[in-house]
Amino acid sequence: MALYADLHRHLGGALHPRIIYKFLRRTDHPILNYFPDYDGFYNWFTRPCRTLEEFVKIHSLVEELQSLEHLPYFCLRLCRGAYTFENLQYLELRYNPYFRTDHKLTPAKRLAQMHLIVEVITMNLRPADYPIIVKQILCFDRRLPLKINEAILKVAQDNLGPVVGVDLAGPEINTEKTEEWIKLMARARASGLKTTCHLGETGIDNVDPRYFATLDRIGHGIHIPLQKPSMLKELSKRQITLEVCPTSYKQTGVLKDFSELKTVFNRCREAGVAIAVCTDNPGRNPSPCTLPGEYERLIDNDVIDFRQLKEIQGEAFRSAFGFAGTSRFL
Ligand SMILES: [Zn+2]
């Protein structure tokens, strides 16, 4: 029986490395020159990185593989795995549609192709044999010019329903553009989309409180309770949920030990800020990385107890952008 909800998972990091490797073989991809066997590929693909930037580089490789013609292959497999091995009832999958367009096209044609990307993904996230509910979040990117991010907003607005929200992703750079991104979030919200934003993942510097008025959730945000707990009051008042992805912080070099998350969970609980535990890029983590696995690691490292776990599992459904069904946790 499907049970859980995951609110933060990237399409580029959702797939098991074996699926990616089989795909590379099928298409005779040149990267196989470096990785003649699966073990070598696996170790490279799932190795911990020193920085978020380094982590994002491998992500870009997968994004390019997920082109229009190959998206059905990846979508089916990720639904199948999430339903079968993780007991997911509900999943919010996020991706940047622009990065999946054909790089050989002109910029204008790439923007136009984004509609098709979303359409194909929507059609292929409902496999009859694996009845998981999957909703989409479209990602803006900090590396992209405003014009492209605005075009992504338009695609999200045009596909409201299957697309339930927008996110700001990419390396934590270009903070001088903060106002531009906050305005995009506000426009998204005004058109009925929900909003989340990668903030406070590697440090506190990009957490500008002006974001809070436009956000429903924050992707990560762990450096708010760690470094600026005074901001938690505002998050609680606005009922902004943090999406916390434990294994990610070890993979991107942000935390050394799971026990460091104790402060995050304790301070949020005291301040009345909800946390949803999520997986981020489970395919990039050493196997098996699943949502139930993340729950177990938090218990195992004494970050939370079983009673708190139940609350957190319920929180994922309460904070979901597009869940309208019933869950045993609500
Ligand atoms: Zn993320």
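Counting starts at 1 for both ligands and their atoms, in listed order.
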**OP:** Sort by chain and number the protein N/O/S atoms that are closer than 2.8 Å to the Zn ion (ligand 1), and list them.
**Re:**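 As for protein N, O or S atoms lying under 2.8 Å from the Zn ion (ligand 1), they are His8 NE2, His10 NE2, His198 NE2, Asp280 OD1.
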Original post:
Same hydrophobic cluster for Val56 and Val254, using side-chain heavy-atom links shorter than 4.5 Å among ILVMFWY?
Top reply: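 No, Val56 does not connect to Val254 through the hydrophobic network.
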Subject >> Aromatic ring pairing His70/Phe23, orientation class (parallel under 30°, perpendicular over 60°, tilted between) >> reply: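 His70 and Phe23: perpendicular rings.
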Original post:
Tyr4 vs Tyr295 aromatic rings, parallel, tilted or perpendicular, using cut-offs 30° and 60°?
Top reply: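 Because their plane-to-plane angle is over 60°, the rings of Tyr4 and Tyr295 count as perpendicular.
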**OP:** May I ask you to check if Arg110 and Tyr98 form a cation-pi contact, with NZ or CZ under 6.0 angstrom from the six-membered ring centre and within 45° of the axis?
**Re:**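 Judged by the rule, Arg110 and Tyr98 form a cation-pi pair.
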Subject >> side chain to side chain donor-acceptor pair (under 3.5 Å) between Thr279 and Arg9, intermediate numbers included >> reply: CA-CA 6 Å; Thr279 56; Arg9 184 172 298 196; 3.0 Å; yes
Original post:
Taking everything shown except Arg25 itself, do over 12 heavy atoms lie less than 6.0 Å from its CZ?
Top reply: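 Atom CZ in Arg25 is not crowded, with 12 or fewer foreign heavy atoms closer than 6.0 Å.
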